[in-house]
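Heads up, the thing below is written out as structure tokens.
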Amino acid sequence: MMSEHVKAVKLPWAEVSEHIGIEISKILGREIICKANIDDHDYWAVQLSNGRLPLSELYKLMETVGADEAARIESLPESAEWDFSVNGIGMGVAELLLGRHLNCRWSATHMDEEHLWLLDVKDGDYSEA
């Protein structure tokens, strides 16, 4: 087995939060402040620090970044019939927002309490749906 060198990007959670907040703000046309953080050993998510997003704006975000069904389901509230807004965004949509802002893709992530690591990063090949 041969070892393979790949490009990795190490981002502190504060920087992840800032990048995603900037991207959401651009898409929605108003300032959004986010806090990205590890939720579990293999999952991270984004909480909104300055209010909630109406579902209409969440759908606009998901449409803009080309979120697939799994990413959409993960970001929607469990009871969309009663909840008309969200205070967070799931990992799938958050990764698409981060990739759009950084203009890159990656094949895997690693996370710890302080950082999100993007592994096997390919620069400049973000393509919008």
Side-chain angles (χ1 to χ4, degrees):
M1 178 184 235
M2 302 247 329
S3 62
E4 180 183 356
H5 293 274
V6 297
K7 181 178 176 182
V9 176
K10 177 182 170 186
L11 298 168
W13 287 113
E15 194 173 325
V16 173
S17 303
E18 184 178 335
H19 291 318
I20 292 172
I22 290 169
E23 200 58 36
I24 293 173
S25 298
K26 278 198 276 186
I27 293 168
L28 298 180
R30 64 184 177 93
E31 186 180 16
I32 301 293
I33 300 169
C34 298
K35 179 162 177 44
N37 211 337
I38 186 170
D39 272 1
D40 201 350
H41 70 282
D42 63 350
Y43 189 84
W44 64 279
V46 174
Q47 295 301 307
L48 305 174
S49 300
N50 60 338
R52 297 176 66 86
L53 280 185
L55 289 185
S56 59
E57 289 185 337
L58 177 61
Y59 282 113
K60 181 177 182 178
L61 286 178
M62 293 188 296
E63 193 65 33
T64 300
V65 298
D68 64 14
E69 185 178 0
R72 289 173 185 257
I73 289 169
E74 166 184 275
S75 285
L76 286 169
E78 289 182 27
S79 56
E81 296 172 17
W82 301 287
D83 290 335
F84 301 105
S85 64
V86 295
N87 66 350
I89 297 168
M91 186 172 84
V93 173
E95 284 187 341
L96 291 167
L97 287 161
L98 183 61
R100 179 183 166 102
H101 186 76
L102 297 175
N103 193 32
C104 68
R105 292 280 188 206
W106 51 90
S107 63
T109 58
H110 172 75
M111 59 205 82
D112 60 37
E113 293 296 324
E114 286 86 35
H115 300 95
L116 173 65
W117 295 74
L118 309 177
L119 308 174
D120 193 19
V121 174
K122 309 284 190 242
D123 288 327
D125 66 350
Y126 182 87
S127 57
E128 294 188 62

**Criterion side-chain contact (heavy atoms from CB on, under 4.5 Å) on V16 and N37, from CA distance to verdict** = CA-CA 9 Å; V16 173; N37 211 337; over 6 Å; no
**Message:** Using the rule given for side-chain contact (heavy atoms from CB on, under 4.5 Å), can you reason through L102 versus L118, listing the C-alpha separation, both sets of side-chain angles and the distance that settles it, and then say yes or no?
**Reply:** CA-CA 11 Å; L102 297 175; L118 309 177; 4.0 Å; yes
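Between the side chain of Y43 and the backbone N or O of M91, at least one donor-acceptor pair lies under 3.5 Å.
Every pair passing salt bridge (Lys or Arg N to Asp or Glu O under 4.0 Å) that includes a residue from residues 27-45 is listed here, sequence neighbours excluded: R30-E57. Among pairs with a residue in residues 7-17, those fulfilling salt bridge (Lys or Arg N to Asp or Glu O under 4.0 Å) read K7-D123, at least two apart in sequence or across chains. Evaluation of the salt bridge (Lys or Arg N to Asp or Glu O under 4.0 Å) test over residues 16-29, restricted to residues two or more places apart or in two chains, returns E23-K26, E23-R100. Sorted by first then second residue, the ring-ring contact (aromatic ring centres under 6.0 Å, His included) pairs that include residues 7-26, not counting sequence neighbours, are W13-W44, H19-H101.
At least one side-chain heavy atom of L98 sits under 4.5 Å from a side-chain heavy atom of L116. Residues I20 and I32 form no side-chain contact, since every pair of their non-hydrogen atoms from C-beta on lies 4.5 Å or further apart. The shortest side-chain heavy-atom distance between Q47 and N87 falls under the 4.5 Å cut-off. Two residues are said to be in side-chain contact when any heavy atoms from C-beta on lie closer than 4.5 Å; L61 and L96 fail this criterion. For the pair I24 and I27, the minimum side-chain heavy-atom distance is 4.5 Å or more. Considering only heavy atoms from C-beta on, Y59 comes within 4.5 Å of L76 through its side chain. For the pair L97 and V46, the minimum side-chain heavy-atom distance is 4.5 Å or more.
M111 approaches H41 most closely through the heavy-atom pair CG-O, 3.8 Å. P77 and L55 get closest at one heavy-atom pair: CD-CD2, 3.7 Å. Pairing each heavy atom of L48 with each of V86, the nearest pair is CD1-O, 3.8 Å.
A search for side chain to side chain contact (heavy atoms under 4.5 Å, CB included) contacts involving S85 returns R52, not counting sequence neighbours. Under the rule for a side-chain hydrogen bond (donor to acceptor under 3.5 Å, both in side chains), S56 has no partner lying at least two apart in sequence or in another chain. For D120, the side-chain hydrogen bond (donor to acceptor under 3.5 Å, both in side chains) criterion is met by S107, K122, not counting sequence neighbours. With sequence neighbours excluded, the residues forming a side chain to side chain contact (heavy atoms under 4.5 Å, CB included) with S17 are A36, listed by chain and number.
Taking CD1 from I38 and OG1 from T109, the interatomic distance works out to 9.5 Å, rounded to the nearest 0.5 Å. Rounding to the nearest 0.5 angstrom, the gap separating the SG atom in C34 from the CG atom in N50 is 8.0 Å.
Membership of the apolar cluster around W117 extends to L119, as traced through chained side-chain contacts below 4.5 Å between ILVMFWY residues.
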